[in-house]
Amino acid sequence: MGWAGSSGVVAGSGFGWAVLVASYLLGNDLAQADARFDALARTYDVASKRVLTATEVGPGWRCWDVGGGDGRIGAWLAERVGADGSVLVTDIDPRWLRDIEDLPNVVSRRHDVVRDELPDGKFDLIHARLVLLHLPERHLVLDRLIGCLAPGGYLVVEDFDCERAPVLAAPRGSALVFEAVIGAFHGLLRERGADPAWGRSLATALGDHGLSRIVTDIFSVTWTGGSPGIDLHRVNVEQLADQLRASGISGRQLAEFRALLDDPAFAVRSYPLVSATGRRA
Ligand SMILES: C[S@@+](CC[C@H](N)C(=O)[O-])C[C@H]1O[C@@H](n2cnc3c(N)ncnc32)[C@H](O)[C@@H]1O
């Protein structure tokens with residue numbers, strides 16, 4: 001698999017390098033990133049694997065997982081494509097990709113999908129989960145990724161529609177606290193150019209960018225207080241606690257929010273994951 005170099009690495013952090021992250025709010029440099037990848041995997045890997053399986057990805061395929069996080073989906077793809085296939089896993093901050101570095105058919109790299117030179121070669125399947133939502137340049141990125149597809153190749157983009165995740169059951173009055181904290185979190189995302197509702201635009205966007213045979217899946221479950229998936233809210237809010245306070249959320253609201261996430265009487269719909277698949281002509 002060919003690879004063109006990338007830019008933006010500065011030596012000297014605890015991991016041997018620090019990374020210039022342009023706009024991503026939930027940087028991988030804090031311990032919460034690992035817990036975030038766990039929470040995402042526990043709820044959403046089943047849906048992502050079903051959608052990827054529907055492409056019939058198999059032996060010999062060349063795949064690229066963009067913004068691969070901790071590399072779990074990359075490792076799963078590597079199993080599917082076997083020794084004759086290859087999987088490139090990239091991330092603007094690849095420190096959590098260490099576990100997949102030894103897999104013989106995987107290449108992992110630091111790479112900014114917005115700015116860096118694109119990899120050589122064409123891919124049969126490109127996958128990006130919960131990456132484009134964060135990037136103000138998401139339409140440019142779609143064009144870049146589509147340009148890297150082989151004829152007939154598949155692009156699978158998965159993103160949340162964060163605005164369709166209502167509270168389903170709450171001890172008296174607590175829905176207001178939950179909504180205030182999560183609303184402030186979504187406000188911080190928007191300030192960075194993220195689009196928390198981007199998931200609902202995916203199918204249209206793939207068509208507008210020239211892909212055909214577009215299929216959309218939507219996956220959502222109920223998260224109750226204390227369930228593993230609800231940790232996604234916990235880690236996001238923990239990581240941004242200072243910024244949330246600066247945006248007007250009080251210490252008391254944050255404490256009530258944390259208590260709700262442990263309360264089995266609390267239930268909220270998980271962020272719906274919208275998975276859109278399209279093919280290059
Ligand atoms: C919410 S996480 C999702 C990780 C993984 N795809 C998953 O679903 O578990 C977003 C990932 O995108 C990466 N990312 C953010 N901006 C990026 C960029 N410009 N280029 C490549 N990766 C980026 C982050 O470092 C992070 O690992």
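Each ligand, and each atom within it, is numbered from 1 in the order the structure gives.
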>> Please list all pairs meeting ring-ring contact (aromatic ring centres under 6.0 Å, His included) that have one or both residues in residues 200-221, counting only residues at least two apart or in different chains.
In response: His139-His209
>> Before you tell me yes or no, could you show the steps for Tyr271 and Tyr44 under ring pair (Phe, Tyr, Trp, His ring centres under 6.0 Å), namely the whole-Å CA-CA distance, both residues' side-chain angles and the distance that decides it to 0.1 Å?
In response: CA-CA 10 Å; Tyr271 288 137; Tyr44 297 107; 8.2 Å; no
> Which atoms of ligand 1 sit under 4.0 Å from any heavy atom of Leu135?
Replying inline: 16 (N), 19 (N)
> Is there at least one pair of N or O atoms, one from Val66 and one from ligand 1, spaced under 3.5 Å apart?
Replying inline: no
> Taking heavy atoms and a distance under 4.0 Å, where does Phe37 meet ligand 1: side chain, backbone, both or neither?
Replying inline: side chain
> Within the structure, does His134 bring an N/O atom to less than 3.5 angstrom of an N/O atom in ligand 1?
Replying inline: no
> Between Thr90 and ligand 1, which part of the residue brings a heavy atom under 4.0 Å of the ligand: side chain, backbone, both or neither?
Replying inline: neither
>> Distance under 4.0 Å to a non-hydrogen atom of Asp112: what atoms of ligand 1 satisfy this?
In response: 18 (C), 19 (N), 20 (N)
> Are Arg115 and ligand 1 in contact, using a heavy-atom cut-off of under 4.0 Å?
Replying inline: no
> Given the side-chain rings of Phe185 and His233, with only the six-membered ring counted for Trp, is the space between their centroids under 6.0 Å?
Replying inline: no
>> Below 4.0 Å, non-hydrogen atoms only: which portion of Val113 touches ligand 1? Side chain, backbone, both or neither.
In response: both
>> Can you tell me if Glu101 has over 12 outside heavy atoms packed within less than 6.0 Å of its CD?
In response: yes
> What atoms of ligand 1 come closer than 4.0 angstrom to any heavy atom of Leu40?
Replying inline: 9 (O)
>> Only heavy atoms of His111, strictly under 4.0 Å: list the atoms of ligand 1 that pass.
In response: 20 (N), 21 (C)
> Which option, Arg129, Arg36, Arg110, owns the non-hydrogen atom nearest atom 8 (O) of ligand 1?
Replying inline: Arg129
>> Just so I know, are the side chains of Asp195 and Arg138 near enough to count as touching, which here means a heavy-atom distance under 4.5 Å?
In response: yes
>> Only heavy atoms of Val131, strictly under 4.0 Å: list the atoms of ligand 1 that pass.
In response: 12 (O)
